Structure formats: structure tokens, C-alpha cells
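These notes concern the structure reproduced below.
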Amino acid sequence: MNNNTAFEARPRELRGTPAARPDMRRQVLKAAGSYGIFIVAALVVVISSIAVSGFATGQNVIAILNQASAIGIVAVGMTFVVISANYIDLSVVAQVAISAVCVMAVGTSTNVFIGFLAGLGACLLYGLVNGIAIGILRANAVVVTLGTNGVGLGLLSWLTKGTIFYGKPDGFTAAFGRSVVWVVPAAALVLLVIAAIGSFLLSRTVFGFSLRSLGSNREASRLVGVKVGGVVTGAFLVSSVCSALAGLVLASFSNTAVSTMSSGYDFSALAAVIVGGNSLFGGKGSVPRTLIGVILIAVVENILVLIGLPFAWQQLVTGSIIVAAVAIDAASRKAGL
Amino acid sequence: MTSTKTSPGRAGTGWRTFLRRRTEGRAVVLLLIVAVIVLISQPAVFESYGVTLSLVALDGLVALGLTLVILQGELDLSVGSVLAASGAVMALNDNLALGIVLALLVGIAVGLLNAFLVVVVGVNSFIATLGTLFAVRGLAFVFTNGAPVSIKDLEAGIAFGQPVLGPLTPRVLIFIAAFAVLQVFLTRARAGREFYAVGGNRQAAADAGLPVKRRLVAGFVLCGFVAAGAGVINTLELTSANPTAGSTVLLAGIAAAVIGGVVLNGGRGSLIGTLIGALALGILQVALDFAGVAPEFKDILVGAVLFLAVTTDPGSLKIVRNRVRAAFAGARERREALNEPA
């Protein structure tokens with residue numbers, strides 16, 4: 001009797017023949033794609049410790065971790081936006097700057113906590129506006145966030161006229177910016193906490209699951225009952241909260257705030273997200289990957305500075321890295337991996 | 001529904017259908033509103049229309065190139081950086097003519113790079129041009145060593161800024177010429193018309209045998225070329241090349257195109273719409289300038305206009321309208337169900 005319910009993985013004729021072997025190659029490539037970035041990161045760190053002078057010092061590690069923390073917090077939020085196939089949140093530049101300025105401007109006269117709440121409120125408003133425009137009105141995420149970013153930065157520079165805000169020399173932000181546990185600055189601890197929360201949100205909650213399914217296939221998710229508008233708004237709200245926190249951290253580094261201090265953050269955060277292995281097309285990825293990307297980008301930028309590369313060339317290198325990372329991502333997508 | 005006394009073969013050829021299909025409606029409305037407001041409050045804007053047209057010319061030129069790319073369903077974010085880099089290349093050259101040629105070649109080269117990344121490698125155009133944006137901006141800084149570079153032929157630069165035809169400067173004339181050429185290309189040349197097909201339904205276009213890849217390359221190269229032209233104009237008029245130039249043209253260019261009815265997914269829109277959108281934006285900005293408003297406010301305005309334009313396009317509004325209708329219909333049904341005799 002024919003067992004029709006059995007599933008034959010491969011027709012009998014093809015087993016053991018060359019046609020069956022491509023599977024192995026695909027497996028290797030797939031593994032390389034998934035775990036390769038960890039190996040690359042480890043290699044870069046090891047080689048730089050030996051080859052680049054001044055890399056493996058405690059001072060430098062603190063500098064790297066500080067640099068990584070501010071961008072990393074933004075990148076954790078950006079992960080949510082990228083995974084939902086909304087490409088990028090370009091307005092983080094404005095949000096981080098607004099938060100930093102609020103903390104410094106409002107916080108010095110009253111209380112840091114109130115200053116942070118003000119910044120957080122502004123960023124949440126941002127997230128709401130972005131989310132509604134992109135999630136409910138289905139507008140193009142890149143253009144919408146480009147517009148809101150312009151509005152935010154313009155408003156900020158109009159209101160502050162470029163003034164530098166100083167924090168209290170003995171206040172919370174100053175202490176926060178200075179505190180280091182062994183070689184780990186306080187900012188890095190904040191990053192770890194945010195990353196842990198973000199990872200939990202993304203991988204173990206219904207919200208995170210809906211986000212990932214939206215990224216994979218928006219129509220299918222909508223038909224299954226995922227509230228597209230709400231979930232996308234949630235993603236941008238997460239990005240906003242992260243930007244607000246990053247603004248606080250950034251302001252603490254120098255205990256000052258200027259409206260221009262967050263320039264390039266949109267790109268660096270996206271670079272970290274992509275290099276870490278999250279797919280730009282959405283659906284695939286996780287927060288730990290973003291962390292690896294953040295560390296790698298921070299290390300590479302640090303090395304470029306240590307070997308004395310002019311600033312202009314650094315932008316060139318970082319730009320090329322991100323393009324290369326996305327090219328690999330696109331190529332692997334094409335190959336159906 | 002209007003019934004036209006036409007045979008089935010001639011249905012859809014009347015002027016009503018033509019108007020209904022046009023995408024520039026929103027742009028015309030905005031232009032009229034802006035024109036009326038500005039006419040009342042700051043009529044000087046129209047009296048010195050040379051200034052207005054000058055502003056429109058630069059942003060509009062970049063917007064024209066952007067339109068070509070957006071019509072195919074792609075984006076080119078690197079236009080501002082190309083403007084700066086090409087200006088730098090021109091300024092660094094002693095020979096003005098050679099400098100201009102090299103600058104335009106830079107634009108073509110970047111366009112080819114973008115096209116390569118998008119068409120050959122398969123990278124999403126947004127991320128590819130975002131990468132090029134930073135890479136080319138870095139190049140501009142490398143070329144100029146971080147500081148503005150003056151052009152060697154100062155008289156040519158100053159002469160370029162003088163009105164040539166009435167109050168119209170060469171910048172405006174170049175813009176008009178570029179618009180004319182590109183408009184003819186887009187509407188009458190077969191290659192140009194195929195841009196719409198590539199944007200509307202790329203798979204169908206490919207299946208129909210259109211050289212999709214070639215059209216995409218053409219779009220990016222034209223956009224880069226036009227942006228380089230804008231860089232040349234900008235550097236000539238300012239008589240120096242600043243590596244930070246062109247930071248606002250991206251926003252203004254996309255805003256002009258979106259206002260003009262160009263759909264970001266591609267396939268619908270027109271250069272005329274972009275022109276109208278650029279005009280409306282330019283008049284608004286110049287009016288604000290004349291009214292003495294702070295320059296940062298212009299960025300806020302362009303950003304806000306872009307945001308409004310992109311969220312109120314017919315597609316989004318339809319979604320919202322359907323949602324609202326569904327909500328009310330659902331409420332009505334529930335009420336009727338409750339009032340039904342058990």
C-alpha cells in the first residue's frame with residue numbers, strides 16, 4: 001500500500017548525486033552569513049590589539065565604549081524600525097539633539113529629571129507623528145522622517161540659535177559622564193540595559209513578533225490580523241525613547257549640549273544595524289546583532305582615528321563599509337538564503 | 001459620472017479624462033494658494049521675480065533630476081553631495097572649461113556608481129545613495145581639504161551672476177533649457193516614456209521586453225549629471241566651492257517633486273508638476289526672506305511642507321477615508337442590530 005502521507009525530502013533518484021550536494025554549500029554560506037560577523041568582529045579586535053599602538057589601553061577601551069554607547073542606544077531603537085521594513089528613522093538626529101538640549105537647558109535650571117522628561121516628551125511626540133504618518137497613512141518612511149528631521153532641526157536651531165548649553169559642574173550629568181566601572185563607563189551599562197530590554201521586547205513579546213512578521217510580509221500580516229498602524233507606531237516610539245536616552249548620554253559626555261552634536265547619528269546607527277547582520281529589507285535580525293555591529297563600527301572608527309586617517313577619509317571608509325554590508329545582504333537575499 | 005457621447009473606441013480621449021489623469025492638481029492648488037497669499041502680503045516677491053526665479057532655478061534643477069529617478073521608483077539621496085564634490089572639482093582646476101567638464105564627469109561617475117549598486121549589486125536605492133551621500137561628501141572634503149576653495153577665474157564667476165535676458169540670470173536660463181530638454185525626453189522620446197513603465201510595474205516592463213536596467217542607469221546618470229550642473233552653477237555664482245554646499249537641495253528637491261504629484265513608488269508624475277512644486281516652494285521661501293523671517297525657519301517650512309505633501313497624497317487620503325467610512329458603517333450596523341426586535 002502506498003503511504004501517501006509520507007513526505008519525501010528528495011526524489012530517490014537524486015539522493016547522493018551531485019544535485020544533492022549544493023545543500024552543503026548553501027548551509028556553509030548560510031552559517032557564514034549568520035555567524036560570520038561575530039568572527040570578523042573578534043578578528044578585528046584581536047588584530048588591532050597587536051597591530052595598532054594605543055588600541056589595547058584602558059583609556060582607549062573607555063573611549064570606544066563611550067562612543068559606542070551613544071550610537072548604540074540609538075541603534076537599538078533603529079533596529080525596531082529596520083526590522084519592520086521601514087528602512088530607517090532619519091529623524092533620530094533631531095530627536096537626540098532635542099533631548100540633549102532639553103536635558104541641559106531645562107535641567108540646569110530646574111532638575112535633570114524634569115529636563116529629561118521634557119526631552120522624552122518631545123521625542124515621544126516625534127515618534128507618534130512619524131508612526132501615524134508611516135503606519136496609518138502609509139507614507140514613505142524615508143521621506144517622512146527626512147521631513148520631520150528637517151522640521152525638528154530647524155526648530156531647534158531657531159530656538160537655540162546655536163548656543164551651547166552647559167550643565168552643572170557637580171550635577172548628575174557630570175557625574176554620569178565621568179563614572180567608570182573598571183573599563184566600562186556608565187554609558188555602556190545603560191546601553192547594555194537598553195539592549196536587554198529591547199531584545200526582550202523584540203524576541204519575546206507579541207509586539208516584537210508582530211514587528212518581525214510585518215517586516216517579512218506586510219500584507220500577510222495585515223490579513224492575519226496584525227494591527228499594522230499600531231505596531232509601526234510602536235516601532236517609531238521605541239526609536240524615540242532610545243533617541244531620548246541617547247541624548248541624555250551624549251550630553252553627559254561633555255556636560256554640554258549644542259543643536260549640532262548629533263549629526264551623523266542616523267547613518268552611524270543604521271550602519272551598526274546593517275553591519276551586525278540585520279536585513280535592511282526587514283523581517284530578519286535581532287538586537288544582539290545590532291550590538292555586535294555597534295562594537296565593530298566603533299572599533300573601526302577608533303582604529304581610523306588612531307592610525308591618523310584624516311576625518312574626510314573616515315567618512316569615506318564608513319560609507320563604503322555600510323554599502324558593502326548592504327550589498328552582501330542584498331546578494332544573499334538574491335541567492336535566496 | 002460624466003457621460004460623454006463618444007463611441008467606445010474614443011472613450012477616454014476627451015479633455016475631461018486628460019484632466020482627471022493629470023497628477024499636478026495638488027501642485028497647482030498649492031501654487032495658487034501661495035501666490036494669492038504672497039501677492040497680498042509681500043507683492044515685492046513678484047516685482048523682483050528675478051530673485052525668486054534664481055532660487056527656484058537651483059533647487060528646481062536638482063528636483064528635475066530627482067524626478068527622473070523617482071519616476072522609476074528609486075531615490076537618489078546623494079544629489080547634495082554631488083553638488084558639493086563637482087563644485088570642488090571645478091574650483092580646483094585652473095582652466096574653467098576643463099573644470100566644468102570634469103565637474104560634470106564627476107556627476108556622471110557618481111550616477112554610474114549609484115546605478116551599479118542598484119542595478120548590478122541589487123542594493124536598495126535608498127541605502128545605496130545614502131552610502132554615496134556620505135562617501136561623496138567625504139570626497140568633497142578630501143578635495144577641498146575641508147575649507148572653501150575659490151575659483152581661479154573670478155571675472156567669469158561674477159559675470160555668471162549678472163542678468164542676461166532682462167532680469168534673468170544664466171542660472172535661470174540653464175534651468176529653463178534643462179527643463180525643456182528633459183520634458184521633451186520624458187514625454188516624446190521612447191526611452192523617456194519607458195521611465196514611467198519601469199516605475200509603474202517593473203516586472204511587467206521587464207516582461208514586455210523593455211531594457212529596464214538601461215533605463216535605470218540612464219535615470220541615475222541623468223540625475224547625477226544635473227546635480228553636478230547645479231554644483232557648477234552654485235560654485236560659479238559664489239565664486240568658491242564649499243565642501244558643505246548642497247545640504248538643503250535634497251529636502252527641497254524631494255519636496256518639489258512630491259508636491260508636484262510625483263508618486264514615490266514610481267510610474268506617475270511629471271516634470272511640469274515638479275516645476276510647479278518648485279515654483280510654489282521658491283515663492284514661499286523668498287516671501288519669508290522678504291518678510292525678515294529667520295533662515296532656520298525656511299528649513300522648518302520645507303520640512304513641514306514635505307511632510308504634509310507626503311502624508312496627504314491621494315493614496316493615503318483614500319486609506320483614511322475608507323477607514324473612517326468603515327468605522328461609521330460598523331457603528332451603524334451595530335446600532336441596527338441592537339434595535340432589531342429579538
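Fair warning: this is a prediction, and the values are worked out from it, not measured in the lab. Only heavy atoms go into these numbers, but all of them, side chains included; no hydrogens, no water, no symmetry mates. Below, chains carry the letters A, B, ... as their sequence lines are ordered, and counting in each starts from 1.
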Mark yes or no for whether S240(A), through its side chain, and G127(A), through its backbone, hold a donor-acceptor pair below 3.5 Å. yes
Answer yes or no: is there a donor N or O on one side and an acceptor on the other, between the side chain of T129(B) and the main chain of L77(B), under 3.5 Å? yes
Between Q203(B) and D207(B), does any side-chain donor sit less than 3.5 Å from a side-chain acceptor? yes
Chain A heavy atoms under 4.5 Å from L75(B): which part of the residue, side chain, backbone, both or neither? side chain
Is it the backbone or the side chain of V143(A) that comes under 4.5 Å from a heavy atom of chain B, or both, or neither? both
For the residue pair L83(B) and A245(B), what are the closest heavy atoms and their distance? CD2-CB, 4.2 Å
Proximity breakdown for L270(A) and chain B, heavy-atom pairs closer than 4.5 Å: side chain
Residues from residues 225-233 of chain A approaching chain B under 4.5 Å (heavy atoms): none
V275(A) and L296(A): which non-hydrogen atoms are nearest, and at how many Å? CG1-CD2, 3.7 Å
Taking heavy atoms only and a threshold strictly under 4.5 Å, list by residue number the residues of residues 88-97 of chain A that touch chain B; give 'none' if the list is empty. I88(A)
Max heavy-atom pairs within cutoff under 4.5 Å with chain A, candidates T248(B), L117(B), N124(B), goes to N124(B)
Specify the closest pair of heavy atoms between V82(B) and V136(B), including all atoms of both residues, with the distance to one decimal. N-CG1, 4.0 Å
R137(B) side chain vs P243(B) backbone, donor-acceptor pair below 3.5 Å: yes
Contacting region of L306(B) [heavy-atom separation from chain A under 4.5 Å]: side chain
Expected output: side-chain T79(A) to main-chain A75(A) donor-acceptor under 3.5 Å: yes
So, taking the atom named CG in N265(B) and the one named CZ in R202(B), what distance separates them when rounded to the nearest 0.5 Å? 11.0 Å
Got a donor-acceptor contact below 3.5 angstrom from the Y265(A) side chain to the A246(A) backbone? no
Is it the case that S286(A) and N278(A) place a side-chain donor and acceptor less than 3.5 Å from each other? no
Hydrogens and angles aside, do T145(A) and N130(A) bring a side-chain donor and acceptor to less than 3.5 Å of each other? no
